[in-house]
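For reference, the structure discussed in these notes is given below.
Keep in mind that the numbers below use all heavy atoms, side chains included, and drop hydrogens, waters and symmetry copies. Proteins come first, then strands; the chains are lettered A, B, ... in the order of their sequence lines, and each starts at number 1.
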Amino acid sequence: MMLEQALKKWFGFTDFREGQKEVIEALLKQQDVFSMLPTGTGKSICYQLPALLAEGITIVVSPLLSLMEDQVQQLKSKGIKQVAALNSFLTEQKRKEVMASIHHFKLMYVSPEMLQQPSVLTLLRSQKVSYFVIDEAHCISQWGQEFRPDYLRLADVRKQLGTPPCLAITATATKDVQDDIKRRLRLHEATNIVYSVDRPNIAMMVERYHSTKEKLQALITFVKNLKGPGIIYFSSRQWTEKISYALREAGIDKVSHYHGGMSNEDRILIQQQFMEGQLSVICCTSAFGMGIHKPDVRFVIHFHYPTQLASYVQEIGRAGRDGRKSIAILLYSQEDKGIPRSLLDLELPSEQEIDAYIQAVMNVSRLTKEQEEQIRIISGGSETSWRQLKYLLEERGIMKGTEVRRFSADAIKAELRNHVSQRRAEKQQQLTEFERWIHSYSCRREKLLAHFSEALQSRPPHCCDNCGVTYQSYQKRKEEGEEKKSDWKTILAQLFHQSEGGAS
DNA sequence: CGACATTGATTTAAATCAATGTCGGTGCTTTAAT
């Protein structure tokens, strides 16, 4: 009773959605929680409500600055003012203000990197931390090792904060990823609140082509005919621009592109225009997606495919958040087999990078930021490679802060090379599994769920190409006449899905 | 792996072709020293 009242008071809802109450009750009992809730169930309320009910401050680790800003805005618009994000958006002045008035806040959004700042950690240590929350927790597993190692340091941060109850929450994680998250966060006795990743209203198709040219032709036809709005994924920035231009040339308007190399202003602008319907097709890299809560995306097309099935599931999951009929189409051509393979290679340090870094570190007893930067520039390694290697050395007790302990260079070189080549093999294995899914002739939904250690409960009416789905019923409505016949079917199907979504 | 650009060698001395090189994604943080 009391929880419903609190929900009504702060958020204006009368009922909880699937899973929310379970998570909240477990947190209130001071349990650690791992939770996987389907997209669109309101994951943030799971920690916002306990945060408001608790004494002290709740720390929410979030992967993107834009996500933090979004959440803070949303809460403020509901009249909840004791919220802040502590990040590099803030001017130094503002940041000092926030830090000085830390005890006023109930919720504080931070990046994992920010939690490595000694000043921030010291400040938070002086507070009573009610909960430690990791939003989009799959980032720990997906980004932690190669891209953002500070995600792997969160367990230590939590310990320093007095080990408050922890919530790790995400929408998509395979069994392996779930285990990895719990292991990395040292959540050995977490309460698991896990629901299906299946999205019955998203049909899946794979279309094969002999060449990229053919594929481009097909893409134009799809985009011309499919009911939008839609998202098209690419694995290169250049391609997003090129194809967005090509689509406009082909007479499709309201198309633009989005990738990580664009300025912040452009990115925000494009995102807003898409949200508000001024744009209906976005050609983008994987930079576009997290934090895009547009409910009526009708199609997601992959012009290039990502490096693993889990990423694919996340990306197609941006369709049909309103529960209505949507479609995911992967355009396959043998010609782009090399792209995901090269991307995998790119994210791991080369043997030369390993050797150069170890050699450089071996010759110093302290490694300051400037030294590190110099070494990096001279030996030409990538920023992410250095960060990975630095983390690996820390993990092995060789580095601590700027301090370097003595070690046997040859042994460590061999160990790191070995470690990296194992990671490479794991990643290649995941890619192969995904490719097997792409080339499969049996039900895609069943296979996808099997990858997430789930069994298909009931086959939805529009399942996948291997179950007979074609893209015809996802086309724009044509003028009058013959289309009317299929219309009532479409409407029925939509109603059916809606009520299904609402009841569960 | 493969598309595309650049370089180099050849003959049609201004254009052609082969060989070689390059590029392909995700984000946070910038608090020097006296």
Review point. Given Y258(A) and F274(A), is the ring pair (Phe, Tyr, Trp, His ring centres under 6.0 Å) satisfied, shown in steps?
Key: CA-CA 11 Å; Y258(A) 183 106; F274(A) 185 62; 9.6 Å; no

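Of the side-chain N and O atoms in S111(A), one or more sit less than 4.0 angstrom from OP1 or OP2 of dT29(B).
Legend: salt bridge (Lys or Arg N to Asp or Glu O under 4.0 Å) pairs involving residues 93-108 of chain A, not counting sequence neighbours, sorted by first then second residue: E92(A)-K96(A).
Within the 4.5 Å cutoff, side-chain heavy atoms of L86(A) are placed close to those of M108(A).
Atom CD of E69(A) is separated from atom P of dG27(B) by 16 Å (rounded to the nearest Å). The distance between atom CG of L123(A) and atom C1' of dT31(B), rounded to the nearest whole Å, is 16 Å. Computed from coordinates, the Q116(A) CD to dT31(B) P distance equals 17 Å when rounded to whole Å. Atom CG in L121(A) sits about 15 Å away from atom P in dT29(B), given to the nearest Å. The CZ-P distance, from F89(A) to dT30(B), rounds to 13 Å in whole Å. Rounded to whole Å, atom P of dC28(B) lies 15 Å from atom CG of L154(A).
Residues Y305(A) and F434(A) bring their aromatic ring centres within 6.0 Å. The ring of W437(A) has its center no closer than 6.0 angstrom to the ring center of H451(A).
Aromatic ring pairs are classed by plane angle as parallel below 30°, tilted from 30° to 60° and perpendicular above 60°; the pair Y471(A) and F222(A) is perpendicular. Aromatic ring pairs are classed by plane angle as parallel below 30°, tilted from 30° to 60° and perpendicular above 60°; the pair Y332(A) and H439(A) is perpendicular.
With E146(A) as reference, R423(A) is the one residue of R387(A), R423(A), R424(A) to meet the salt bridge (charged side-chain N to carboxylate O under 4.0 Å, His left out) rule.
Comparing the same atom, P, in dT12(B) and in dC17(B) gives a spacing of 12 Å after rounding to whole Å. Between the P atoms of dG25(B) and dT29(B), the separation comes to 23 Å (whole Å). Using atom P as the reference point in both dT26(B) and dT22(B), the two lie 23 Å apart (nearest Å). dG8(B) and dA13(B) have their P atoms separated by 22 Å, with the value rounded to a whole Å. Going from the P atom of dT34(B) to that of dT30(B) covers 22 Å, rounded to whole Å. Spacing of C1' atoms, dG24(B) relative to dC28(B), comes out at 23 Å, to the nearest Å. On the C1' atoms, dT16(B) is 9 Å away from dT11(B), given to the nearest whole Å. With P as the reference atom, dT20(B) and dA14(B) are 27 Å apart, rounded to whole Å.
Residues of residues 208-221 of chain A that place a heavy atom closer than 4.0 Å to DNA chain B do not occur.
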Study note, to complete from the structure: Per-nucleotide protein contact along nucleotides 19-26 of chain B, 5' to 3', at a 4.0 Å heavy-atom cut-off (B base, S sugar-phosphate only, - neither), is -----BBB

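Looking only at atom types and distance, the side chain of S326(A) has a donor-acceptor partner in the side chain of R298(A) under 3.5 Å away. In this model, a donor atom of one side chain and an acceptor atom of the other lie less than 3.5 Å apart for S130(A) and T58(A).
Base orientation of dT11(B): anti, since the glycosidic angle falls outside 90° of 0. In dA13(B) the base sits syn relative to the sugar, since the glycosidic angle is no further than 90° from 0.
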